[in-house]
There are 2 protein chains.
Amino acid sequence: MAVTIDDIAKAAGVSRATVSRVLNDSGYVKDETRKKVLKAIKELNYTPSAIARSLSKKKTNTIGVVVPEINNPFFGEIIKGVNQVADEHNLNLILCNTDEDVDKELKALKLLKEQRIQGILITPTSTDSDYNSEYLWTIENLGIPVVLIDGHVKYSNFNGVFIDHIKGAYDAVKTLIDEGHEKIAIITGRMDSRPAKERLAGYKKALKMHNIPIREEYIFYGDYTHEKAYKITKEILKMKDRPTAIFVSSNMMVLGCIKAFDEENIQIPKDMAIIGFDKVEVLNIIGMNISFINGPTIEMGKTAMNMLIDILQSGKTTETEIKTIKLLPQLVLKGSEKFIE
Amino acid sequence: MAVTIDDIAKAAGVSRATVSRVLNDSGYVKDETRKKVLKAIKELNYTPSAIARSLSKKKTNTIGVVVPEINNPFFGEIIKGVNQVADEHNLNLILCNTDEDVDKELKALKLLKEQRIQGILITPTSTDSDYNSEYLWTIENLGIPVVLIDGHVKYSNFNGVFIDHIKGAYDAVKTLIDEGHEKIAIITGRMDSRPAKERLAGYKKALKMHNIPIREEYIFYGDYTHEKAYKITKEILKMKDRPTAIFVSSNMMVLGCIKAFDEENIQIPKDMAIIGFDKVEVLNIIGMNISFINGPTIEMGKTAMNMLIDILQSGKTTETEIKTIKLLPQLVLKGSEKFIE
DNA sequence: ATGAAAGCGCTAACAT
DNA sequence: ATGTTAGCGCTTTCAT
């Protein structure tokens, strides 16, 4: 660990500038000299210090990634996408997991700034709550480019890549309508989150566009958990004028529905049709075919990383524009949406 | 971004040494002076550079984490555990995802060394194949403490935390035996991986200890994929002298079994009992109760991080001992193991 | 209690 | 084509 560029210089009988040149392929170096240097590097098992280089260059080549829940495959896939692009550009990733905790998120941001990272990719825990002011202040005063991934930070404009939840929900509900369903319920997500709001909007839009009246009693407010969805589904199944289809606003909640269906001996789609938002890989593997809206997670990660790289390469110290990309989710039909008399 | 310790010194009318002292709470600083400095820091929104500090201290406070598949919740949970402990000790995590690719893993190791990280936590992609020599050479010559997580690098001894796969498998099979099963099949993992070998060993041990002859035709060699497990299960169901229970050596493979069962109208556990290794959260949520051996993933991450911290604090440049911890997996019974005539 | 100065390992003009 | 030198932003003796 103690071998430095000077050791190499000494061993090769050249100056440290020359060593630096062969290290960076910059400037002119006689072939013979280069070989000597390379040999010394090999022999001493030398690895240059990125720390020293960063300090000297005032540039770290590392970017920070902040996620709320690393053990959720949704974020795992985002990171996978981020990582792929980062790899291609030889960027390091410093990972911060916040456990959905705003204070940890703030702490992470501070940490990252100390590390003099080039930019930040963040999937904000943030909802509409009122801590937002300090939160925003922190992000904005970072002086570092930030790209949001599928989140929403109130009152403020940031670069980001998002999913078009409205369109996704619209497509799902439209499909149900096309199948012949008219009594379509929705189980929403936590309504202080942007995706939940947008998905509900998409649901309403689809009904309106097809002249189906929106019935408040068909709108059920969930909270993204399968437990709540389970309870709601039980209720739905007890309704006198029961819907024939449910649009479920998140993957976890789909699981709750399935459990309730199972207990009440409800067959999909014979007794109840269903379309979810976001996939649950496992269900397909075990042969349980549930249609869903597929938000392109890996793609989101890639897109965000690319956007950040673009911003960094533009080289502007102050940002002059807000970049936003909306990714379109795909509808994946498995048969659970069918209308069967 | 341009504000440095010298700016603060100037603003506060002191030397940079003094600023450093208040930053690190070291040495003596008059209260009044400290306040001036703190004020300047606040006003200029100054964040010290970890890079410069690292260079000066020859110590980075960051550790590298290398995993093969970030989007697999198994590794997600490990990282979550690692992260928790790292947080408590104010350590940064540099994440490397290798996509099960040995070359990427090697590259990651090099990258990490350049970053002068303090230590490495790695879940090796490595199996028994022959690239091992370069691989081992690389790790050993890193000159950095390494802690393995649940992996196995052939021919070599490293610090590490592992799961006692033998005991896990033994417990599972013993449970089946206690239930009254005698014809018990196993679907193994990829046999060039250590966990697969050990789980098979545990299976055999349980049979032997209970005087049940090992029947080669009940040993099925899988490869951790659900597709293969699906095919194998179909075969099993066709056997003349069909087993009454299957011990399935990985969570993904359990899914393949379930699909096959479903297609053939096999009821669990009436027609076939089953116990898997590693949980599949989703199955429980939808009310499908499959018993399984639970390897404590988050715990493994924590334990590994703690071990690394221990090693670092021991302060030895050369390691004088190999530390190894084996974590005991727990049996979680859900009813799928029952013997029903 | 505070300051001056050397040094961490590298890069990048500037010389030669 | 190669060497000299001055930083990069911080910590840490050593003085005072």
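Naming convention: chains lettered A, B, ... in sequence-line order (proteins, then strands); numbering from 1 in each chain.
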For atom NZ of B:K323, decide whether the heavy atoms of other residues, nucleotides or ligands shown that lie under 6.0 angstrom number more than 12.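 More than 12 within 6.0 Å, yes.
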
Numerically ordered, the residues 30-51 of chain A set in heavy-atom contact under 4.0 Å with DNA chain C is A:Y46, A:P48, A:S49

Near-strand residues of residues 9-23 of chain A, defined as heavy-atom separation under 4.0 angstrom from DNA chain C: A:R16, A:A17, A:S20, A:R21

Determine yes or no for a side-chain-to-main-chain donor-acceptor pair under 3.5 angstrom, with [X] supplying the side chain and [Y] the backbone.
X      : Y      : result
A:T18  : A:V14  : no
B:N24  : B:S20  : yes
A:S314 : A:I311 : yes
A:N72  : A:F74  : yes
A:N97  : A:I70  : yes

How close or far is atom [atom2] of [N] from atom [atom1] of [X], stated in whole angstroms?
X     : N      : atom1 : atom2 : answer
A:K57 : D:dG9  : NZ    : C1'   : 18 Å
A:K59 : D:dG9  : NZ    : P     : 16 Å
B:D6  : D:dT11 : CG    : P     : 12 Å
B:I5  : C:dA4  : CD1   : P     : 14 Å
B:N61 : D:dT11 : CG    : P     : 12 Å

Non-hydrogen atoms of B:P124 and B:I149 that approach each other most closely: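 So the minimum-distance heavy-atom pair works out to CD-O, 3.9 Å.
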
Please compare B:Y28 and B:K58 by the position of their nearest nucleotide in DNA chain C and report the one closer to 5'. B:Y28

In terms of side-chain heavy atoms, does A:Q118 have a donor or acceptor partner in A:T60 at a distance below 3.5 Å?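 Checked: A:Q118/A:T60 side chains pair up, N/O donor to acceptor below 3.5 Å.
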
Check whether any side-chain heavy atom of B:I120 sits under 4.5 Å from a side-chain heavy atom of B:V65, and report yes or no.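 The answer is no, as the side chains (C-beta and beyond) never meet within the 4.5 Å cut-off.
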
Has the side chain of B:S56 got a donor or acceptor that lies under 3.5 Å from a partner of the other kind on the base of C:dG7?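 Yes.
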
Closest approach to the side chain of B:R53, judged atom by atom: which nucleotide of C:dT11, D:dT11, C:dG9 is it? D:dT11

Nearest to the A:L55 side chain among D:dG9, C:dT11, D:dT11, which nucleotide is it? D:dG9

